[in-house]
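Contents: one structure, followed by commentary.
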Amino acid sequence: MTEIQIAPSLLAADKARIGEVMGQLDDHIDVFHVDVMDGHFVPNISFGPSLVESVRPHTERPLDVHLMVERPERWVSAYREAGADWISVHAEATAHLERVVSVIRESGGRPGVALNPATSPAGLEYVLRNGDFVVVMTVNPGFGGQSFIEASYRKIAAVRRYLDDSGLDGVDIQVDGGVGAGNAGACVTAGATILVAGSAITGAPDPVAAAQALRESARLMAANS
Ligand code: DX5
Ligand code: ZN
């Protein structure tokens with residue numbers, strides 16, 4: 001049975017209490033997801049390298065930095081130096097995807113490629129020999145708290161088939177946007193192995209209970225599939 005990883009997004013946390021929330025969640029999750037938005041690639045601005053640097057001492061878990069920025073190649077070293085372990089970049093945001101994935105890998109990080117809802121996985125087979133995961137965006141990036149796009153189940157399954165057919169069966173699929181205990185199981189059935197959740201975990205009144213509920217629903221589904 002594939003182990004599912006739970007990745008709470010810090011975007012939905014109370015920004016004045018991020019360290020505290022991370023401390024509560026640490027034993028119950030696998031990786032912390034940090035959403036970086038530049039106001040160009042997406043119509044919102046969120047965290048920068050200094051936030052990554054200040055949350056770094058609060059956990060030994062990997063920090064998964066999701067770069068929703070134009071030309072992410074300009075930012076890889078700043079985020080690695082700040083303490084990012086995983087870095088995902090959008091296929092739509094750079095003309096040189098292979099290069100940025102390789103630079104992340106050479107720096108010792110785990111590279112991921114994120115796909116907006118309308119972006120197909122075509123071409124990833126040439127890029128992901130050096131990559132570890134694909135982020136299937138299940139909302140249009142830019143904001144937390146949006147509704148999960150239902151067509152995403154087919155997309156997750158199609159990306160899984162594509163990766164398997166391309167000999168990339170070791171590449172994980174992360175789902176990001178509108179994921180919660182109600183749809184986590186269906187995402188796992190479709191092929192997701194890393195579940196990002198903002199509103200459903202760090203935005204919940206009891207983040208630990210919410211993380212446990214998410215893991216439980218993912219686990220039930222994984223056990224049955
Ligand atoms: C959306 C971000 C997500 C966001 C998810 O642009 O990439 O990681 O934090 O938030 P929820 O889970 O609330 O949709
Ligand atoms: Zn994200």
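One-based numbering, in listed order, for ligands and for the atoms of each. As a basis for the values below, the full set of heavy atoms in this structure was taken, side chains included, without hydrogen atoms, waters or symmetry mates.
- Residues passing the salt bridge (charged side-chain N to carboxylate O under 4.0 Å, His left out) test with D206: none are found, sequence neighbours excluded.
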*Is there a side chain to side chain contact (heavy atoms under 4.5 Å, CB included) between L11 and M37 once you walk through the steps?*
CA-CA 10 Å; L11 191 65; M37 304 178 181; 3.6 Å; yes
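- Using a 4.5 Å heavy-atom cutoff, the side chains of V113 and L128 are in contact.
- Checked against salt bridge (charged side-chain N to carboxylate O under 4.0 Å, His left out), R105 has the following partners two or more places apart in sequence or in another chain: D132.
- Counting non-hydrogen atoms of other residues, nucleotides and ligands closer than 6.0 Å to CZ of R99 gives a total of 12 or fewer.
- Atoms OH and OG, from Y126 and S166 in turn, are 8.5 Å apart once rounded to the nearest 0.5 Å.
- You'll find the side chain of S9 stays beyond 4.5 Å of the side chain of H66, heavy atoms only.
- Partner of D85 under the side-chain hydrogen bond (donor to acceptor under 3.5 Å, both in side chains) criterion, out of R110, R61, R80, R56: R56 alone.
- D35 and H33 are linked by a side-chain donor-acceptor pair at a separation below 3.5 angstrom, with hydrogens and angles left out of the test.
- Counting only protein N, O or S atoms, the number found under 2.8 Å from the Zn ion (ligand 2) is 4.
- Using a heavy-atom distance under 4.0 Å as the criterion, the protein contacts of ligand 1 are S9, L11, H33, D35, M37, H66, M68, M137, P141, G142, F143, G144, G145, D176, G177, G178, V196, A197, G198, S199.
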